[in-house]
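FYI, side chains are in, hydrogens and waters are out, and symmetry mates aren't considered; it's all heavy atoms of this structure.
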Amino acid sequence: MKLWIVSMECAGIAEAGGVKNVTFSLCNEFSKLNHKTTLFIPVFRCNTWENVTNLAKDVISANIDLCGEEQTVTFSKGNYEGTDFNIVFVNHQCFAKKEGVYTYTEHEEELDCNHKKGSGHEDMLFKDMLFQKAVAAYGLLQHKGDLPDIIHCQDASTATLPALLAKEKKLSKIKTVVTIHNCGPAYHHNFSSIGEAAWYTDLPVALLRKSLNHHMVEPFLLAAESGAHITTVSEVYAEEITDPENYELTDGLAPIFAERGIKITGITNGFDFDRYNPEDKNISLLPFEFNPEKRDLEGKWKCRKFFIQNIINTDNYNCAGIKKIGKLECSSDFSKEIYIAYHGRFASQKGLNVLATAVPVILDNFSYVRFIFMGQGEVELENTITELTKRYPGKITYLNGYNRSIARMVAAVNDFIVLPSYFEPCGLEDFIAQSYGTIPVAHKTGGLNKIIEEKSGFLYPRNTTDCLVAKLCEVIMIKKLKPAEITKMIKSAATYIHKEYLWKTVVQKKYLPFFKEILKK
């Protein structure tokens, strides 16, 4: 099988959210199974190149009509080091000037005050369509025998591609799959009107009209109406986004999916354990090694001591990309406190406001609890956590920004990680935490339902402050009074995800049969 995977991001090349891990792992696992796999990805300013080998720049070019003008893109080719998949890089100034995949950075805001940090690119639709039209143009330049059997598009930024392919006779027979990674508000990359959609896409008005969600044209509906097979990143999320009651959860899409009987196949994302393995500090990026599956946790506690002494409570450690706010008061052996983390995007979807209102209740009742926050995003949420850090000195620390090795340590050094998302299509932070012996406490929604209550983590039913406080009080008391139960859970959680959710297992048991069935049809 020949497979093209089209994505704005990929781990180790251009990174933004969870899509990067899915993209890399799908490319890697399919190529391991001897399926000829090619990744298509733009070249942003933030791209890194240490994982790219055999790079041949500007091998071919194509001219694209977009918004009434002709745009020239070039294609570079390379390989991902240590894997068997190929990469086609799409080059254009529109991508090259971007320091982030989807949003502006702090530096870009300094250069232009209109480009607010964390806000989406003002030319998002142009960027999306340029990339997708470039992939279609690349296909038109290929010999028929070099075309793929399946093109797999990752999320809304590439979901219009099936419609572009369908109108080209040479490309119309290619099977297409679009995976919805998130269809919550602000994730749709939709067009504001039929007129705007026609201006960017050159697609027939009849198709655009079929793809309306109120007055907006939806890329996911364009894909479905063009014959694409639609998947999403967990079985439960597939049920949620086809439930007509979930209007707000999907910004109006769920009732349309339900009414039209659009089938959405849920395949829960896997976990690339080999990229996090805590038994090898060269892989995990942690200062000490340990193995939760064998209840070997000494290295975890050493990591905690190192993290607090050498990162949080000192100004001498190199924390590139991180602004530290607040230090922690801890016992000399760091064992008398209970440590609770939040790590992820500071976005409304993630329910950080629920956690922020729960924190004072917990700290006012448990003097031995410490909170560690890491992430960046919406300024209002960043300010809320900063104020909490000042209100409870010594009890909260906040790492504003991103640094891969420090992010790994945050996942590893805590007892619990809180995932209070209002909705969560799949979730990766629970996997990372469990592999490092940290137990997730999560709102029971979407892909977080893969957590097994009191075996691989804890779930609470309603995303309210009272409900979260009640669950945190429960887990704190279990840790305090019955620590052996937590140790047992640590082993159970790590073993469970390693057995059931390796990407190799997911691809062989879920994706490969699904793709084979598509090709039969």
Please confirm whether His121 and Tyr102 have ring centers closer than 6.0 angstrom.
no
Tyr392/Phe371 under ring pair (Phe, Tyr, Trp, His ring centres under 6.0 Å): CA gap, chis, key distance, verdict
CA-CA 10 Å; Tyr392 291 94; Phe371 281 93; 9.1 Å; no
When you look at Phe307 and Leu286, which way does the side-chain contact (heavy atoms from CB on, under 4.5 Å) test go after all the steps?
CA-CA 10 Å; Phe307 178 76; Leu286 300 174; over 6 Å; no
For Tyr422 and Asn353, does a side-chain donor sit closer than 3.5 Å to a side-chain acceptor?
yes
Distance from Asn28 atom CG to Trp503 atom CH2, nearest 0.5 Å?
11.0 Å
Distance-only donor-acceptor check, side chains Tyr496 and Gln434, under 3.5 Å:
no
Whether over 12 other heavy atoms sit under 6.0 Å from Glu248 CD
no
With sequence neighbours left out, what residues match Glu337 under side chain to side chain contact (heavy atoms under 4.5 Å, CB included)?
Cys330, Ser331, Tyr339, Arg370
Just do the side-chain contact (heavy atoms from CB on, under 4.5 Å) check on Met8 and Ile41 with the steps written out, would you?
CA-CA 5 Å; Met8 284 285 184; Ile41 189 169; over 6 Å; no
Please report the closest heavy-atom contact between Thr389 and Ile396, naming both atoms and the distance.
CG2-O, 3.4 Å
For Pro244 and Ala258, work out which heavy atoms get closest and say how close.
CD-CB, 3.8 Å
How about CZ on Arg295, more than 12 heavy atoms from neighbouring residues, nucleotides or ligands closer than 6.0 Å, or not?
yes
Do Glu424 and Lys350 sit within salt-bridge range, that is, some charged N less than 4.0 Å from a carboxylate O?
yes
Side-chain donor-acceptor pair under 3.5 Å between Thr231 and Thr265, yes or no?
no
Flag the pair Glu474 and Lys471 as a salt bridge only when some basic side-chain nitrogen lies within less than 4.0 angstrom of an acidic carboxylate oxygen.
yes
After noting the C-alpha distance and the side-chain angles of Leu253 and Ile241, does the key distance pass the side-chain contact (heavy atoms from CB on, under 4.5 Å) rule?
CA-CA 7 Å; Leu253 263 182; Ile241 64 177; over 6 Å; no
Mind running ring pair (Phe, Tyr, Trp, His ring centres under 6.0 Å) on Phe271 and Tyr276 for me, showing each step along the way?
CA-CA 9 Å; Phe271 178 59; Tyr276 294 89; 5.1 Å; yes
Looking only at side-chain N and O atoms, does His498 offer a donor or acceptor that is under 3.5 Å from a partner on Ser435?
no
Within 45 degrees of the ring normal and closer than 6.0 Å to the centroid, is that where the cationic atom of Lys127 sits relative to Phe44?
no
Determine whether more than 12 heavy atoms belonging to other residues, nucleotides or ligands lie under 6.0 Å from atom CD of Glu380.
no
Could you tell me if Thr23 and Glu9 have a donor-acceptor pair between their side chains, going purely by distance under 3.5 Å?
no
More than 12 foreign heavy atoms under 6.0 Å from NZ of Lys327: is that the case here?
yes
Between Lys300 and Thr438, is a side chain to side chain donor-acceptor pair (under 3.5 Å) present by the stated rule, with each step listed?
CA-CA 10 Å; Lys300 178 180 173 73; Thr438 301; 2.8 Å; yes
Please give me the minimum heavy-atom distance between Val469 and Ala358, naming the atom from each residue.
CG2-CB, 3.6 Å
State plainly whether the residues Glu387 and Arg391 are in salt-bridge range, i.e. N to O under 4.0 Å.
no
Please name the pair of heavy atoms, one in Arg408 and one in Ile283, separated by the smallest distance, quoted to 0.1 Å.
NH1-O, 3.2 Å
Between Phe85 and Tyr80, is the gap from one ring center to the other below 6.0 Å?
yes
Derivation of the side-chain contact (heavy atoms from CB on, under 4.5 Å) call for Leu448 and Asp430
CA-CA 8 Å; Leu448 295 175; Asp430 53 330; 4.1 Å; yes
Please give me the minimum heavy-atom distance between Gly427 and Lys450, naming the atom from each residue.
O-NZ, 3.2 Å
Would you say that Val369 contacts Lys395 through its side chain, given a criterion of any heavy-atom pair below 4.5 Å between the two side chains?
no
What are the two closest heavy atoms between Ser31 and Thr37, and how far apart are they?
N-OG1, 3.6 Å
Contact between Glu15 and Val101 at the side-chain level, heavy atoms closer than 4.5 Å - yes or no?
no
Applying salt bridge (charged side-chain N to carboxylate O under 4.0 Å, His left out) as the test, list every pair that has at least one member in residues 96-119; sequence neighbours left out.
Arg45-Glu99, Lys98-Asp123, Glu109-Lys116, Lys117-Glu382
Tell me whether the guanidinium CZ or amine NZ of Lys480 lies under 6.0 angstrom from the six-membered ring centre of Tyr368 and within 45° of its axis.
yes
Consider only side-chain N and O atoms of Asn182 and Gln349, and report whether a donor and an acceptor are under 3.5 Å apart.
yes
